[in-house]
Amino acid sequence: MRKKSKFHLLGIIGYPLRQSMSPILHNYWMNKNSLNGYYVPLELNNLKNINKAIKAMNFTGLNVTIPYKKSIIKYLDKIDEDAEKLEAVNTIVNKKGKLIGYNTDTIGFQKGLKNLKKWNKNLPVLVIGAGGAAEAIIYSLCKIKIKKIYLMNRTIGKAKKIGLKYKNIKIIRWLERDFVDDFSMIINTTSLGMIGYPKLPISLKETNKDTIVYDIVYNPLKTPFIKEAEKNNMDTIKGLEMFLEQAKESFGLWFNKHPKIDTQILKLIKNKIEKQ
Ligand code: NAP
């Protein structure tokens, strides 16, 4: 008799989760890799006893998204070096009953840059937002030796907190300028532009056309910010790139397998987003 393969329960913790494409993607990859199990969306109002619940239900692993990337940390048994530095976890692995936290947004963001033809790294980069994803991006920008980073967030205290950890950051007040120029790249890491949220109240009208616009929001596929950049013939990177790359890394941590981003899954995700 053939031995039954292990049943894997995986999922994503966050609120809201309507925008998340992680379930469709990971279930597709599990199927393609002949892994038995499900990846489920877990829309949570709070994290009370979450560690006990994960262990009791014997989850293989989880992703963590807004607004829990930082608040999840105190429930974990251990976090890896990058996640510790960032104080943000987006992936949990259940290793024999011990919950280990990782951050794959850093690598996801960096891999999102792979198709760029030119990028003047000597000019400053503007990062908008100071949540869980923002710091992962700032950490990556420092790793790739960006000399100056401007950081703007609605809650200035959060930006200042990040500013204390990295040498090359200059904090600017939220919407201090209603236009931006002389940056090599502008990165939106806020939830603004995401389905159900207002658009980012920043105009690119006066922005240098050589500026690259990177919006990490991936639902919708083209945020109003990306649409404006495209209208201005600026180079853009859409959040879907980063999303797929960070997901590949998470899948690798859970299963030690490297899934493929094939045309079928791209079509499924794009269709689902377009229908929302
Ligand atoms: P988070 O920790 O909750 O941070 C949210 C950020 O958005 C904060 O900077 C927050 O500002 C800002 N924000 C929210 N509502 C706002 C409003 N009405 N006006 C001004 N600012 C507002 O979330 P996160 O984990 O960093 O994720 C942020 C976004 O990135 C989400 O859309 C998420 O889906 C996306 N994301 C994409 C990827 C990808 O792989 N493509 C990966 C990670 C995240 P305050 O500090 O003032 O609240």
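Each ligand, and each atom within it, is numbered from 1 in the order the structure gives. All residue numbers refer to positions in the sequence shown, counting from 1.
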Q: Tell me, which protein residue and heavy-atom name are nearest atom 45 (P) of ligand 1, and how many Å apart are they?
A: T155 OG1, 3.4 Å
Q: Looking at N46, I'd like to know if its CG atom is crowded, meaning that more than 12 non-hydrogen atoms belonging to other residues, nucleotides or ligands lie closer than 6.0 Å.
A: yes
Q: Indicate, as side chain, backbone, both or neither, the part of L192 found under 4.0 angstrom from ligand 1 when only non-hydrogen atoms are considered.
A: side chain
Q: Does a side-chain heavy-atom distance below 4.5 Å link T223 with M194?
A: no
Q: Is the shortest N/O to N/O distance between G132 and ligand 1 below 3.5 Å?
A: yes
Q: Regarding atom 16 (C) of ligand 1: of the candidates E245, R154, M194, which has the closest heavy atom?
A: R154
Q: From atom 9 (O) of ligand 1, work out which of N219, T190, N153 has a heavy atom at the shortest distance.
A: N153
Q: Which of the numbered atoms in ligand 1 are below 4.0 angstrom from a heavy atom of Y218?
A: 41 (N)
Q: Using the six-membered ring wherever Trp is involved, compare the ring planes of F255 and H8 and label them parallel, tilted or perpendicular (cut-offs 30° and 60°).
A: perpendicular
Q: Counting only heavy atoms closer than 4.0 Å, does ligand 1 sit against the backbone of A130, its side chain, both, or neither?
A: backbone
Q: Per the side-chain hydrogen bond (donor to acceptor under 3.5 Å, both in side chains) rule, what does the pair list look like for residues 9-19, sequence neighbours excluded?
A: none
Q: Between D82 and K143, does at least one N-O distance fall below 4.0 Å, as a salt bridge requires?
A: yes
Q: F251 vs W29 aromatic rings, parallel, tilted or perpendicular, using cut-offs 30° and 60°?
A: perpendicular
Q: Is F109 in contact with ligand 1, taking contact as a heavy-atom separation below 4.0 Å?
A: no
Q: Please work out which of L244, N63, V217, I216 has its closest non-hydrogen atom nearest to atom 38 (C) of ligand 1.
A: I216
